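Below you'll find the structure, written out as C-alpha cells, and then a few comments.
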Amino acid sequence: MNFFIYDKLFKKKIMTQQMIKKVKKNLLKMLKKRKYNINLFETDENKMYIPKEIMVYFILSSQLKPNLLKQEFEKIKKIEISFKKLIIIVLKKPTNSLIKITKLHKKEFDLQLFWCEELMIDKINHRLVPKHILIDNQEEIEYIKKKVKINELLNLPYILRTDPIVKYYDAKPGNIFKINRTCKYTYYRYVY
C-alpha cells in the first residue's frame with residue numbers, strides 16, 4: 001500500500017488522504033495508551049482536542065519554514081481552548097531550526113513534536129517490538145526495586161527518553177518500563 005504520490009513536476013513525494021487517515025488512526029491508539037478518553041475528542045479544522053486536557057495540532061505544510069512555525073505558535077496561543085498537553089504533527093521530519101523553535105515554546109506548553117512518517121507505523125503492535133508496560137506508580141516502582149533487589153533505580157538498565165517507545169508513552173525520567181519478551185523473561189528499564 002503506497003501512501004505517497006510522486007509528483008514528477010516538483011520531484012517530491014506528496015501526502016495522500018490515505019496517509020492522513022493512517023496517521024490519525026495510530027495517533028488515537030497512542031492517545032488511548034496514554035489513558036485519554038478518545039471518545040471525548042473534538043475536531044476543528046487542523047486540530048483535535050479534549051478541553052482542559054490535550055490538543056493535537058496538525059501543521060501539514062510541505063514547505064515548513066521557521067517563520068511559518070512561529071506563526072502557527074502564535075495562532076495556538078490565541079486559541080481560547082485551555083489544555084495541559086500540546087502535540088504538534090508536522091508533515092516531514094523537522095530540521096534543527098524547527099526543533100529549536102519548538103524548544104523555545106516548551107516553557108509555555110507541555111509540548112511534543114511528531115512527524116507523519118513517525119506515526120505511520122503502529123509501534124506497539126509491531127511484531128518486532130516486545131510488549132512494553134509503563135510503570136509510573138510509585139508503589140509499583142518500590143515493589144520492583146525489592147523484587148530485583150536494588151536500592152536505587154539507577155542500577156537498572158536504561159532506556160533513553162529519546163527512544164521511540166518512551167516518546168510514544170510520553171514517559172518521564174524516573175519511570176520504569178516492564179518489557180515482556182517472547183522468551184518468557186521480564187526485563188525492566190529505567191527511563192533516563
Side-chain angles (χ1 to χ4, degrees), residues 3-5 10 12-126 129 132 134 136 159-173 175 191:
F3 292 101
F4 291 102
I5 298 172
F10 294 107
K12 62 182 178 182
K13 293 178 182 178
I14 299 174
M15 183 177 61
T16 65
Q17 289 296 329
Q18 195 175 15
M19 180 182 171
I20 294 170
K21 286 180 185 177
K22 182 83 171 170
V23 167
K24 285 185 178 180
K25 179 181 173 187
N26 287 333
L27 174 71
L28 289 173
K29 282 183 185 178
M30 179 182 77
L31 294 172
K32 189 173 183 178
K33 286 284 187 185
R34 292 183 181 187
K35 299 181 175 95
Y36 288 104
N37 185 350
I38 59 171
N39 296 325
L40 297 177
F41 266 99
E42 299 176 31
T43 54
D44 181 26
E45 292 180 34
N46 57 345
K47 57 186 170 286
M48 298 168 40
Y49 58 92
I50 299 175
K52 299 181 182 176
E53 287 189 40
I54 186 168
M55 176 176 290
V56 180
Y57 196 85
F58 293 89
I59 305 172
L60 299 177
S61 172
S62 60
Q63 298 296 319
L64 185 60
K65 303 286 184 201
N67 285 337
L68 178 61
L69 185 60
K70 288 177 186 176
Q71 290 171 1
E72 292 295 333
F73 271 114
E74 291 304 316
K75 287 180 188 176
I76 292 169
K77 288 178 192 176
K78 292 177 184 175
I79 294 174
E80 295 183 11
I81 303 163
S82 64
F83 53 89
K84 296 176 188 170
K85 179 87 180 158
L86 175 64
I87 296 176
I88 294 182
I89 312 287
V90 294
L91 184 60
K92 298 177 185 173
K93 186 172 182 175
T95 61
N96 287 338
S97 58
L98 295 175
I99 291 171
K100 285 180 187 177
I101 292 170
T102 56
K103 284 183 180 179
L104 292 173
H105 291 281
K106 282 193 175 195
K107 297 171 189 167
E108 299 170 65
F109 306 110
D110 182 5
L111 173 67
Q112 268 192 307
L113 181 67
F114 289 93
W115 53 96
C116 286
E117 284 187 28
E118 189 177 25
L119 290 170
M120 286 296 295
I121 298 171
D122 185 7
K123 294 175 183 69
I124 300 305
N125 295 322
H126 195 279
V129 178
H132 287 69
L134 176 64
D136 55 0
I159 185 170
L160 296 176
R161 64 181 151 209
T162 55
D163 188 280
I165 293 294
V166 173
K167 188 175 178 183
Y168 185 91
Y169 281 101
D170 195 23
K172 306 293 183 213
N175 294 151
V191 178

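None of the values given here were measured: they were computed from a predicted structure. Numbering of residues begins at 1 and proceeds along the displayed sequence.
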Other residues, nucleotides, ligands: >12 heavy atoms within 6.0 Å of Lys78 NZ: no
Side-chain H-bond candidate by donor/acceptor type, Glu72 with Tyr57, under 3.5 Å: yes
Side chain proximity check, Met30 to Lys123, heavy atoms < 4.5 angstrom: no
Single hit among Leu111, Leu68, Leu104 for side-chain contact (heavy atoms from CB on, under 4.5 Å) with Phe73: Leu111
Ile38: side chain to side chain contact (heavy atoms under 4.5 Å, CB included) partners, not counting sequence neighbours: Leu28, Leu31, Lys32, Phe41
Within 45° cone and under 6.0 Å: Lys24 NZ/CZ vs Phe58 ring: yes
Any donor-acceptor N/O pair, Asn26 side chain to Leu119 backbone, under 3.5 Å: yes
Neighbour count >12 (heavy atoms, 6.0 Å) for atom NZ, Lys33: no
Distance, nearest 0.5 Å, that separates CG of Asn46 from NZ of Lys75: 7.0 Å
Whether Lys92 side chain and Trp115 backbone form a donor-acceptor pair below 3.5 Å: no
Minimum heavy-atom distance Ser62-Leu91, with the two atoms named: CA-CD2, 3.6 Å
ring-ring contact (aromatic ring centres under 6.0 Å, His included) against Tyr49, all qualifying residues, sequence neighbours excluded: none
Smallest separation among heavy atoms of Asp110 and Lys84, with atom names: CB-O, 3.3 Å
Thr102 side, atom OG1; Leu69 side, atom CG - distance, nearest 0.5 Å: 7.0 Å
Nearest-0.5 Å distance, CD1 of residue Ile89 to CG of residue Leu60: 8.5 Å
Side-chain heavy atoms of Gln71 within contact of Lys65, under 4.5 Å: no
Identified side-chain contact (heavy atoms from CB on, under 4.5 Å) partner of Ile88 from the options Ile76, Val56, Leu98: Ile76
Interatomic spacing from CE in Met48 to CG in Leu40 - rounded to 0.5 Å: 12.0 Å
Interatomic distance, Ile54 atom CD1 to Arg34 atom CZ [nearest 0.5 angstrom]: 6.5 Å
Side-chain heavy-atom pair Lys172, Asp136 within 4.5 angstrom cut-off: no
Under 3.5 Å: donor-acceptor pair, side chain of Gln112, backbone of Lys167: yes
Exceeds 12 heavy-atom contacts within 6.0 angstrom, atom CG of Asn96: no
Check: Glu53 main-chain N/O paired with Tyr36 side-chain donor or acceptor under 3.5 Å: no
Side chain to side chain, Pro51 and Glu42, heavy atoms closer than 4.5 Å: yes
Spatial distance of atom NZ (Lys21) from atom CD (Gln18) [nearest 0.5 Å]: 8.0 Å
Flag if over 12 foreign heavy atoms under 6.0 Å of CD1, Ile99: yes
CA sep, side-chain torsions, deciding dist, call: Lys29, Lys25, side-chain contact (heavy atoms from CB on, under 4.5 Å): CA-CA 6 Å; Lys29 282 183 185 178; Lys25 179 181 173 187; 4.1 Å; yes
Nearest non-hydrogen partners of Cys116 and Val23, listed with the distance: O-CG2, 3.6 Å
Heavy-atom side-chain contact between Tyr168 and His132 under 4.5 Å: no
